[in-house]
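Source: prediction; values computed, not measured. Below, chains carry the letters A, B, ... as their sequence lines are ordered, and counting in each starts from 1.
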Number of protein chains: 4
Amino acid sequence: MLWCNLVTDGDIPSGPAKKGRPFSDATERAILAATAQLLEEKGLADISIEEVATRARVGKASVYRRWPSKGTLALDAFEAEFIARQPPPDTGSLRGDLTAALRAWVRTVNDTPMGRTLRGLIAEVQRDPALREIWRERFVTPVRAQHRLIVERAMARGEISPATDPEIILDLAFGAGYHRLLNGHAALDDAFVKKVVTVLLAATGASGG
Amino acid sequence: MLWCNLVTDGDIPSGPAKKGRPFSDATERAILAATAQLLEEKGLADISIEEVATRARVGKASVYRRWPSKGTLALDAFEAEFIARQPPPDTGSLRGDLTAALRAWVRTVNDTPMGRTLRGLIAEVQRDPALREIWRERFVTPVRAQHRLIVERAMARGEISPATDPEIILDLAFGAGYHRLLNGHAALDDAFVKKVVTVLLAATGASGG
Amino acid sequence: MLWCNLVTDGDIPSGPAKKGRPFSDATERAILAATAQLLEEKGLADISIEEVATRARVGKASVYRRWPSKGTLALDAFEAEFIARQPPPDTGSLRGDLTAALRAWVRTVNDTPMGRTLRGLIAEVQRDPALREIWRERFVTPVRAQHRLIVERAMARGEISPATDPEIILDLAFGAGYHRLLNGHAALDDAFVKKVVTVLLAATGASGG
Amino acid sequence: MLWCNLVTDGDIPSGPAKKGRPFSDATERAILAATAQLLEEKGLADISIEEVATRARVGKASVYRRWPSKGTLALDAFEAEFIARQPPPDTGSLRGDLTAALRAWVRTVNDTPMGRTLRGLIAEVQRDPALREIWRERFVTPVRAQHRLIVERAMARGEISPATDPEIILDLAFGAGYHRLLNGHAALDDAFVKKVVTVLLAATGASGG
DNA sequence: TCGTAACCGAGACGGTACGTCTGGTCTTTTT
DNA sequence: AAAAAGACCAGACGTACCGTCTCGGTTACGA
């Protein structure tokens with residue numbers, strides 16, 4: 001879960017025995033817990049690393065030793081919980097899967113503090129190019145991969161034309177959601193989900209129409 | 001153009017003759033010019049009001065007197081130039097109008113520093129609830145109103161079903177664009193524009209085809 | 001009293017009217033009062049600028065704007081009070097003047113917290129070459145000048161040989177005092193003063209006795 | 001040479017045979033060498049224990065296991081070399097002995113990096129009461145004992161009155177030197193030595209004058 | 001020959017303070 | 001009363017060290 005571990009993946013199976021005192025799990029857990037707690041209380045922008053360290057009863061250096069920036073820390077504290085709320089649906093139909101996925105997303109950002117955190121993270125990502133890449137690797141890519149399965153399964157079933165670009169479908173469906181989340185110009189509710197799914201099915205659903 | 005003027009609209013046509021030295025146009029222009037210049041040089045997040053005032057050879061108070069926050073100032077410096085690059089298209093067809101509008105947006109954010117500024121503004125908007133409302137009033141609403149005309153004209157022409165929700169069409173088309181702009185997970189090019197338009201036309205053109 | 005003022009002396013009688021908000025006297029007084037208060041409580045080494053600012057209810061920058069280092073600040077807080085306790089004696093005899101001056105010094109460092117502060121300042125001076133120069137200009141030189149008068153008056157009276165180097169007399173008399181103050185290897189009391197004066201008078205009184 | 005050894009003296013001749021791995025001489029030597037090297041490069045105040053350990057390729061704990069503070073470590077690294085340069089003079093006359101001793105001291109602090117180290121140690125001693133006691137025991141007392149011999153021999157020879165307090169003579173002679181060393185207000189050269197000796201001989205040398 | 005106790009280098013631990021920067025406000029003199 | 005200038009309080013930034021602790025590993029003694 002630690003940021004630096006995830007970047008280096010598990011590509012060094014036989015380490016040459018690292019020296020020095022190892023990182024403490026308790027410290028790491030305390031930092032992530034404090035971060036998660038603060039993210040429930042206020043927006044990412046209103047949180048300082050100083051505050052996280054104080055809340056976690058941890059030295060500031062112990063935070064900086066593990067995470068290079070507030071954004072990567074928040075990403076770690078946010079990621080697991082968010083992903084857990086986006087189960088890969090498999091209802092047997094494109095309509096069902098897409099509705100389920102979009103609805104899960106909508107409910108998460110609407111009904112939990114994760115909506116605010118997600119907005120804060122996207123904002124943070126815009127101000128830190130390094131974080132942007134991590135964000136794509138650690139959040140955008142995995143979530144999209146899961147959602148892409150929905151479209152690919154539909155293609156395999158013949159529900160949508162094989163000429164369709166799955167990426168565009170994903171960008172349309174979730175892009176609309178993020179658009180409303182960030183601007184707040186319209187509601188993110190079940191009606192929104194239904195309309196989006198309907199339009200996209202009409203567009204792609206040669207066999208489904 | 002001044003932020004406070006725009007909020008109060010022009011609803012005080014006959015002021016009771018205000019006392020004291022009036023605001024200096026030169027000061028205002030210097031501040032906006034400095035802001036625009038800095039926005040070309042770096043992201044909004046890397047700009048401080050202190051720096052704007054120094055660059056404009058103006059006191060900090062003269063900035064705060066006019067704009068309550070960095071976001072509103074940046075919005076003012078950004079708005080006019082951005083809108084000027086989004087001409088209301090009228091090609092006679094939904095496909096043509098939508099392609100033109102989306103392409104104008106894509107080219108603006110791709111080929112000018114305004115892409116970065118737009119990202120910075122959206123980020124800023126997430127950390128300042130007051131700015132969020134102004135952002136909707138001053139940017140989201142007018143731009144969407146212009147784009148909505150495209151859909152409404154298409155409806156009037158019978159190109160799309162009157163049951164279609166124009167808002168959803170706009171959110172799908174531009175939401176996808178903003179999604180790629182903010183995450184950077186895929187290209188924002190003419191191919192993107194073409195695919196988006198194709199999918200949306202297929203979706204809405206049921207009655208028209 | 002302000003550090004930077006004292007360096008530039010009063011050699012700019014007609015300033016060209018400086019711009020901006022001037023330094024606040026209240027702020028300066030609060031900082032010096034907090035420093036003096038802390039110096040009564042503990043040694044200079046145990047005081048941090050952070051603590052001074054907090055105690056003075058002042059921003060850290062307001063301290064750094066005026067004093068470049070903890071040492072210069074402490075010097076300012078210490079100087080006036082110390083000098084006030086070293087009145088220029090004029091008893092009419094070398095023995096009387098020297099005894100009075102040395103006794104005043106001994107009592108100050110023995111009976112007041114200024115002894116500890118003086119030790120702390122001398123320590124601080126060793127670790128900061130810039131402070132060392134200021135220390136000489138602002139403390140060593142003026143105090144020595146006052147004490148040198150004692151020797152010069154004695155010379156004028158014929159009490160000591162004109163061949164005597166007044167500097168050596170001062171270094172012997174007060175050097176011995178500082179030596180005991182810093183090392184603590186022997187008492188700093190009236191007996192010490194008496195013995196020092198006796199030895200020095202015996203040494204210099206060849207022509208007088 | 002090790003700090004803790006010196007404090008406990010050799011008063012436990014028959015230890016109960018201590019268990020565990022004994023201290024490594026190589027480690028101790030590496031630490032002292034690194035300290036001495038750093039003291040040649042910069043002042044004691046600019047050296048951190050962290051740096052000593054790194055330079056000595058030694059764990060920080062191995063330093064703290066042997067010395068309780070930076071001051072005691074520096075004292076150990078400094079002491080032997082300094083003492084070696086202060087040979088007990090025995091020229092047969094007070095003038096000769098005093099001149100030799102003071103000159104040796106002046107040359108050491110003037111011509112070697114030990115002058116700066118001595119200043120740094122005296123500064124360190126002011127901020128650490130525990131170190132102050134050690135400083136007296138380990139440095140002030142032995143050096144003074146050696147110098148006191150000079151005065152006592154002169155008394156035995158009848159060069160100075162038996163009523164003279166040898167302590168005062170030492171404080172006058174070396175106090176003046178330390179005064180100039182710490183304040184830097186006047187030169188520490190042979191002329192200084194000569195003048196000091198002349199004054200003190202005149203003061204005490206009833207039989208010598 | 002085996003614990004076991006204390007050492008070894010390395011480096012993480014919770015802390016404190018550093019000196020700088022920015023935010024938004026306040027106080028000058030000048031226009 | 002607005003202008004430019006810049007000081008005001010507040011507090012976060014990321015770094016450097018403090019003195020302690022925890023690793024895996026290495027000696028040397030006593031059982």
Figure out the [atom1]/[atom2] separation between [X] and [N], and round it to whole Å.
X	N	atom1	atom2	result
D:Leu131	F:dG19	CG	C1'	16 Å
D:Arg127	F:dC18	CZ	C1'	13 Å
D:Asp46	E:dC18	CG	P	16 Å
C:Ile31	F:dA10	CD1	P	12 Å
D:Asp25	E:dC8	CG	P	10 Å
D:Glu50	F:dT15	CD	P	15 Å
D:Glu28	E:dA6	CD	C1'	16 Å
D:Tyr64	F:dT22	OH	P	17 Å

Next on the checklist: Rounded at 0.5 Å granularity, tell me how far CG in D:Leu44 sits from CG in D:Leu38.
Outcome noted: 10.5 Å
Is the phosphate of [N], meaning OP1 or OP2, less than 4.0 Å from a side-chain N or O of [X]?
X	N	result
C:Ser62	F:dA7	no
B:Arg66	F:dA3	yes
B:Arg65	F:dA3	yes
D:Thr27	E:dG9	yes
D:Ser24	E:dC7	no

Checklist entry - Of B:Ile47 and C:Glu51, whose nearest nucleotide on DNA chain E comes first from the 5' end? => result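 Upstream on the strand: C:Glu51.
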Checklist entry - So which one's nearest nucleotide on DNA chain E is more toward 5', D:Gly59 or C:Ala61? => result D:Gly59
Next on the checklist: For a side chain to side chain contact (heavy atoms under 4.5 Å, CB included) check, start with the C-alpha distance between B:Glu28 and B:Arg65, then their side-chain angles and the critical distance, and finish with the verdict.
Outcome noted: CA-CA 10 Å; B:Glu28 187 178 321; B:Arg65 217 173 276 128; over 6 Å; no
[X], nearest nucleotide to its side chain (from [options]):
X	options	value
C:Phe23	E:dG9, F:dA28, F:dA7	F:dA7
A:Ile49	F:dG14, E:dT25, F:dC9	F:dG14
A:Val58	E:dG14, F:dT20, F:dC9	E:dG14
D:Lys19	F:dC8, E:dA5, E:dC18	E:dA5

Checklist entry - Ion pair present between C:Glu51 and C:Lys42, side-chain N to carboxylate O less than 4.0 angstrom? => result yes
Next on the checklist: Let's go through C:Thr35 and C:Trp67 carefully: what are the C-alpha distance in whole Å and the side-chain angles of both, what is the deciding distance for side chain to side chain contact (heavy atoms under 4.5 Å, CB included) to 0.1 Å, and is it a yes or a no?
Outcome noted: CA-CA 12 Å; C:Thr35 305; C:Trp67 293 277; over 6 Å; no
Next on the checklist: Between E:dG9 and D:Lys60, counting only base atoms on the nucleotide and side-chain atoms on the residue, is there a donor-acceptor pair under 3.5 Å?
Outcome noted: no
Next on the checklist: Can you say whether a donor on the side chain of C:Arg21 sits under 3.5 Å from an acceptor on the base of E:dC26, or the other way round?
Outcome noted: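 When only heavy-atom distances are counted, C:Arg21 does reach the base of E:dC26 through a donor-acceptor pair under 3.5 Å.
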Checklist entry - Which one of C:Lys60, C:Lys70, C:Arg55 satisfies the salt bridge (Lys or Arg N to Asp or Glu O under 4.0 Å) criterion with C:Glu50? => result C:Lys60
Item to check | Nearest-nucleotide 5' precedence on DNA chain F, A:Gly20 against C:Arg57 | outcome: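 The residue closer to the strand's 5' end, by nearest nucleotide, is C:Arg57.
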Next on the checklist: Other residues, nucleotides and ligands only: do more than 12 of their heavy atoms fall within 6.0 Å of CD on D:Glu133?
Outcome noted: no
